[in-house]
Amino acid sequence: MPESKRLVDLVQSRIDDYLMSRAPIVTLISSDLTPLIDYSRQFLSGGKRFRAQFCYWGAQSVLASDFAPETGQEASPESVSKAAGERTNRAAGAADEAIASAGLEAGAAGLAAVVSTASALEIFHAAALVHDDIIDNSDTRRGAPSAHKLFESLHAREGWAGDPVSFGRASAILLGDLLLGWSDELLDEGLHGLADRAAARRARLEFNHMRTEVTAGQYLDILEERAWLAQPEAELLDRALRVIVFKSAKYSVQAPLVIGAALAGATAAQLGALRTFGLPLGMAYQLRDDLLGVFGDTAVTGKPSGDDLTEGKRTVLIALARERLDDTDRASLDAQLGDPALDAAQIRTLQQLITDSGAVDRVEALIEAQVAQALAALQTAPITAEAKQKLRDLTDRVTHRAF
């Protein structure tokens with residue numbers, strides 16, 4: 001089976017092949033559309049591919065031979081171990097062939113379906129990021145200009161009529177829409193090659209459900225930025241936690257896991273266990289991201305330090321800080337949060353205010369508690385031992401990203 005780097009290579013290859021297949025469709029309409037392809041390639045190149053990895057290990061977590069077909073009883077540990085070894089060897093061979101094959105024709109259709117689905121998740125994520133940067137007025141993504149800034153620069157460079165800012169935003173919206181459509185097309189291509197049609201239908205339903213939830217979560221996020229102080233003080237933390245659940249936790253970890261497992265024909269018990277593991281881990285993942293959004297090193301995050309402060313993100317970190325601040329400091333935080341003109345000194349002052357409130361330590365404690373809950377669920381999950389270990393490794397990686 002592919003290790004993380006090899007899986008990342010498989011996904012990147014599948015994405016590259018897919019974009020190559022779509023380029024003639026777009027550019028035959030007009031050569032003016034070339035930037036849509038070029039910027040798509042730019043936003044779909046590199047990255048940690050966490051969603052793809054969770055999708056893959058969701059699929060690998062399921063072994064039909066874990067249960068004896070004659071009796072429906074659990075098989076012996078020896079037989080499970082043997083089956084896992086055989087499955088690993090088959091997957092490793094298929095992965096090697098797939099890496100050597102530009103079109104991923106080689107190997108079992110199951111591997112191609114999982115890689116295509118993981119790639120579709122990454123394209124969907126790219127679309128969400130393009131739209132998210134517009135909503136947040138964020139000028140950078142992974143240390144480079146965001147999509148709307150790229151189109152804005154194109155307008156200025158070519159000397160076109162009208163407002164380059166409006167052109168950039170409108171064009172980026174359309175790029176995001178195009179990527180959304182392509183993620184759907186690539187998912188369908190992968191599911192079409194899956195022999196188990198019931199599993200394909202279940203994976204599609206899970207993917208559809210994920211899209212609805214993350215869109216709802218995004219709306220709740222922008223709602224909180226505008227309605228935060230109109231809500232009862234006692235509700236602010238719960239409302240911030242709700243945003244995390246639907247905008248990020250389910251979408252970043254739980255949904256990719258469940259989609260991958262559904263592809264492999266997981267039982268209801270296996271899907272339930274992966275949900276129970278994935279949600280708290282997704283919470284921990286986003287809580288770490290919230291800390292990075294305020295205190296992260298630009299060289300690591302690709303975003304300016306304190307970016308969440310200038311964007312006005314009403315996160316759990318901010319809710320916890322407000323609980324412990326006196327009236328004067330709370331009013332100062334509220335007044336400055338979301339001001340895009342904050343300078344470096346003002347950002348450092350707000351960072352210190354948040355730290356002194358004890359909010360950072362409380363978020364770290366929340367992360368630790370969510371990770372413990374996830375690992376406890378993983379311990380008893382009816383999935384393969386190998387997948388459990390890989391998911392433990394992923395848990396460590398997504399919750400201990402460096403500042």
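Start at 1 with the first residue, then count along the sequence.
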Stepwise side chain to side chain contact (heavy atoms under 4.5 Å, CB included) test for L342 and L350: CA-CA 10 Å; L342 288 176; L350 288 178; 3.9 Å; yes
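- Remark: D329 CG to L333 CG distance equals 8.5 Å, nearest 0.5 Å.
- Every side-chain contact (heavy atoms from CB on, under 4.5 Å) that T276 has, sequence neighbours left out, goes to A377.
- The two atoms that bring P256 and V253 nearest to each other are CD-O, 3.3 Å, heavy atoms only.
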I259 vs F54, side chain to side chain contact (heavy atoms under 4.5 Å, CB included): CA-CA, chis, key distance, verdict: CA-CA 9 Å; I259 290 168; F54 281 118; over 6 Å; no
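- By the 4.0 Å N-to-carboxylate-O rule, D307 lies too far from K313 to be salt-bridged with it.
- Taking CD of E158 as the start and CG of L154 as the end, the distance is 5.5 Å to the nearest 0.5 Å.
- The backbone N or O of K48 lies less than 3.5 Å from a partner atom in the side chain of Q53, making a donor-acceptor pair.
- Here the CG-CG distance, from D136 to D221, works out to 6.5 Å after rounding to the nearest 0.5 Å.
- Listed for the H400 side chain is a donor-acceptor partner under 3.5 Å among the backbone atoms of D396.
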Let's go through R201 and E206 carefully: what are the C-alpha distance in whole Å and the side-chain angles of both, what is the deciding distance for salt bridge (charged side-chain N to carboxylate O under 4.0 Å, His left out) to 0.1 Å, and is it a yes or a no? CA-CA 9 Å; R201 286 192 296 274; E206 294 292 349; over 6 Å; no
List the steps and the verdict of side chain to side chain donor-acceptor pair (under 3.5 Å) for R14 and Y18. CA-CA 6 Å; R14 186 67 185 97; Y18 184 79; over 6 Å; no
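- Between L179 and S40 the shortest heavy-atom distance is CD2-OG, 3.7 Å.
- Note on residues 331-340: pairs passing salt bridge (Lys or Arg N to Asp or Glu O under 4.0 Å), not counting sequence neighbours, are R322-D334.
- Listed for the S171 side chain is no donor-acceptor partner under 3.5 Å among the backbone atoms of G168.
- Neither side chain, E122 nor S119, offers a donor N or O lying under 3.5 Å from an acceptor on the other.
- Between V11 and Y56, every side-chain heavy-atom pair lies at or beyond the 4.5 Å cut-off.
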Apply the test side chain to side chain donor-acceptor pair (under 3.5 Å) to residues T355 and Q352: give CA-CA distance (whole Å), side-chain angles for both, the deciding distance (0.1 Å), then the verdict. CA-CA 5 Å; T355 301; Q352 191 62 52; 5.2 Å; no
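- We find that E386 and K390 are not joined by a salt bridge, their nearest charged nitrogen and carboxylate oxygen being 4.0 Å or further apart.
- The residues E185 and R22 are annotated as salt-bridged, a charged nitrogen and a carboxylate oxygen being separated by less than 4.0 angstrom.
- With hydrogens and angles disregarded, no donor-acceptor distance shorter than 3.5 Å links the side chain of T140 to the backbone of P145.
- Smallest separation of non-hydrogen atoms from F43 and S146: CZ-C, 3.6 Å.
- Side-chain contact, D290 with Q286: a donor N or O sits under 3.5 Å from an acceptor N or O.
- For the ring pair (Phe, Tyr, Trp, His ring centres under 6.0 Å) condition, the pairs that include at least one residue of residues 243-268, sequence neighbours left out, are F124-Y251, H125-Y251.
- Between F167 and H155, the two ring planes are tilted [angle within 30° to 60°].
- Within the 3.5 Å criterion, the main-chain N or O of L320 finds no donor-acceptor partner in the side chain of R324.
- More than 12 heavy atoms of other residues, nucleotides or ligands shown are found within 6.0 angstrom of CD on E235.
- Here D188 pairs with R204 under the salt bridge (Lys or Arg N to Asp or Glu O under 4.0 Å) rule; sequence neighbours left out.
- Remark: A172 pairs with V130, I134, A147, H148, F151 by the side-chain contact (heavy atoms from CB on, under 4.5 Å) rule, at least two apart or across chains.
- Every salt bridge (Lys or Arg N to Asp or Glu O under 4.0 Å) that E152 has, sequence neighbours left out, goes to K149.
- A 4.5 Å side-chain heavy-atom check between V245 and K250 finds at least one atom pair inside the cut-off.
- S116 places no side-chain N or O within 3.5 Å of a backbone atom of L186 that could act as its donor or acceptor partner.
- For A284, the side-chain contact (heavy atoms from CB on, under 4.5 Å) partners are I367, Q370, V371, T399, not counting sequence neighbours.
- For residues 336-358, no pair satisfies ring pair (Phe, Tyr, Trp, His ring centres under 6.0 Å), with sequence neighbours left out.
- The closest donor-acceptor contact from the side chain of E311 to the backbone of P340 lies at 3.5 Å or more, if one exists at all.
- Separation of atoms CG (L378) and CD (Q373) is listed at 12.5 Å; rounding is to 0.5 Å.
- Residues satisfying the salt bridge (Lys or Arg N to Asp or Glu O under 4.0 Å) test with E224, not counting sequence neighbours, are R239, R242.
- Annotation: the span from R41 atom CZ to L36 atom CG amounts to 11.5 Å, rounded to 0.5 Å.
- Listed by first and then second residue, the ring pair (Phe, Tyr, Trp, His ring centres under 6.0 Å) pairs that reach into residues 340-362 come to none, sequence neighbours excluded.
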Step by step, work out the side chain to side chain donor-acceptor pair (under 3.5 Å) result for D38 and Q42. CA-CA 6 Å; D38 293 342; Q42 179 172 330; over 6 Å; no
Going through the checks in order, is the side chain to side chain contact (heavy atoms under 4.5 Å, CB included) test met by I318 and L309? CA-CA 9 Å; I318 299 301; L309 299 175; 4.3 Å; yes
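- Shown here for F277 and A374, the closest heavy-atom pair between the two residues is CD1-O, 3.2 Å.
- Residues passing the side-chain contact (heavy atoms from CB on, under 4.5 Å) test with R348 are A344, A345, Q351, sequence neighbours excluded.
- Under the salt bridge (Lys or Arg N to Asp or Glu O under 4.0 Å) criterion, R362 pairs with E323, sequence neighbours left out.
- Without hydrogens or angle criteria, Q231 side chain to L236 main chain gives no donor-acceptor distance under 3.5 Å.
- Judged by distance alone, with hydrogens and angles left aside, the side-chain atoms of R330 form a donor-acceptor pair with the main-chain N or O of L325 at under 3.5 Å.
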Please lay out, stage by stage, how K247 and D132 fare under the test salt bridge (charged side-chain N to carboxylate O under 4.0 Å, His left out). CA-CA 11 Å; K247 185 186 176 184; D132 199 46; 3.7 Å; yes
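- Atom CG of L291 sits about 8.5 Å away from atom OG1 of T315, to the nearest 0.5 Å.
- When atom types are taken as modelled, the side chain of R197 and the backbone of A195 share no donor-acceptor pair closer than 3.5 angstrom.
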Under the side chain to side chain contact (heavy atoms under 4.5 Å, CB included) rule, what do L263 and T117 come out as? Steps first, then yes or no, please. CA-CA 9 Å; L263 279 174; T117 300; 3.5 Å; yes
